[in-house]
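To start, the structure itself, in structure tokens.
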Amino acid sequence: MTRIITIDGPSGSGKGTISRLLARRLGWHMLDSGALYRVLALAAGRAGIDPDRAAELADLARNLNLEFSGEKILLDGEDVSRLIRTESCGNAASKVAAVPEVRAALLDWQRACAKEPGLVADGRDMGTVVFPRADVKIFLTASPEERALRRYKQLKEKGLDANLSNLVAEIRERDDRDRNRSVAPLKAPAAALEVESTALSIDEVLEQVLEQVKKTFPDLQIPECD
Ligand code: C5P
């Protein structure tokens, strides 16, 4: 069985950063499942398919010509890495992600990412639905205000437009939709290590996660740092 670490949590909790650092440190594969829903939302927008047209969306999901190439994400060969990181794309993603047929259509693709030597999977339902038998499950949270502030800084660094009070409102709205949808709602998996990161640095979060990884895999060789 391939070793799997899942990192779930709400938008802006730092899952992406921690997952990337952890995967790099361990030399494992990484699944950014949010990117999958973001690309689908982009493709649906381009094809003029609304979130209420479930069958067409699921069809589109099954036939996505998607490739993760290093840091780049290619849709039909086009680099959409930057395009999918906007807040509007994140919001559109959370609408298509609430469609049960879409989630079912993307399950096999996600599970096929579990390859040797191991996988770090980042998302909302990695430990609950996609990889319920994962070896290590982390649930990462932070206050909505702190998450909005982190997102604000990220967007600014990327040269994208951002407004802090709009971000807080959007994060709350997205949390609400992700937590209250009928399929695969955002929630802490049973037996997950919950890390509340509002007052923690990235290094401190990574340290807590690594402690858990070492406990679970005592024989795993983990390089001290990059
Ligand atoms: O993590 P990220 O912000 O990129 O995710 C965008 C949206 O995709 C989330 O708000 C959520 O609705 C959806 N998503 C999901 N399940 C996942 C990952 C993301 O529903 N495993």
Side-chain angles (χ1 to χ4, degrees), residues 4-20 23 30-45 51 54 57-58 60-61 64 66 68 71 73 75 80-114 119-132 134 137-142 144 146-148 150-155 158 160 162 167-189 192 197:
I4 299 174
I5 299 170
T6 59
I7 305 193
D8 289 302
S11 175
S13 58
K15 296 171 284 110
T17 306
I18 294 297
S19 301
R20 216 170 302 114
M30 181 185 157
L31 166 62
D32 172 0
S33 60
L36 203 55
Y37 291 99
R38 285 172 183 263
V39 172
L40 179 63
L42 179 72
L57 270 182
L60 189 65
L64 267 189
L66 182 65
F68 284 79
E71 298 280 294
I73 298 165
L75 171 63
V80 294
S81 327
R82 262 175 72 88
L83 272 181
I84 61 164
R85 291 297 158 201
T86 60
E87 287 309 290
S88 66
C89 194
N91 263 316
S94 102
K95 288 180 190 155
V96 298
V99 178
E101 290 86 342
V102 162
R103 305 198 73 87
L106 294 175
L107 265 182
D108 287 348
W109 196 97
Q110 294 176 90
R111 288 183 176 149
C113 294
L119 177 72
V120 179
D122 150 8
R124 303 291 188 293
D125 61 341
M126 298 294 98
T128 50
V129 175
V130 182
F131 302 111
K137 297 181 183 183
I138 308 289
F139 193 71
L140 197 55
T141 59
E146 171 66 18
R147 290 186 279 128
R150 291 178 189 171
R151 189 67 98 196
Y152 178 84
K153 289 180 185 161
Q154 264 178 3
L155 291 169
K158 289 182 181 155
L160 295 168
L167 282 174
V168 176
E170 279 168 12
I171 274 195
R172 286 184 189 281
E173 187 191 320
R174 188 126 64 97
D175 279 1
D176 207 48
R177 195 160 44 230
D178 290 351
R179 287 201 163 101
N180 295 313
R181 66 185 173 214
S182 61
V183 271
L186 169 68
K187 63 173 182 201
S197 76

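Numbering of ligands and ligand atoms starts at 1, following listing order. Note that this is a predicted model, so its numbers are computed, not measured.
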For ligand 1, would you mind listing the residues that have at least one heavy atom less than 4.0 Å away, ordered by chain and number? K15, S33, G34, Y37, R38, A93, S94, A97, R103, G123, R124, D125, M126, R151, R174, D178, R181
Under a 3.5 Å cutoff, is there a donor and acceptor pairing between the side chains of S11 and R174? yes
Could you walk me through whether R103 and V129 satisfy the side-chain contact (heavy atoms from CB on, under 4.5 Å) test, starting with their C-alpha distance in whole Å, then the side-chain angles of each, then the deciding distance to 0.1 Å, before giving a yes or no? CA-CA 10 Å; R103 305 198 73 87; V129 175; over 6 Å; no
Could you pull out all residues at least two apart from R124 that satisfy side-chain hydrogen bond (donor to acceptor under 3.5 Å, both in side chains)? D178
Residues which pass side-chain hydrogen bond (donor to acceptor under 3.5 Å, both in side chains) with T6, listed by chain and number, not counting sequence neighbours: none
Check this for me: does any side-chain nitrogen of one of E87 and R151 sit under 4.0 Å from a carboxylate oxygen of the other? yes
Among residues at least two apart in sequence or on other chains, which ones pass ring pair (Phe, Tyr, Trp, His ring centres under 6.0 Å) with Y152? none
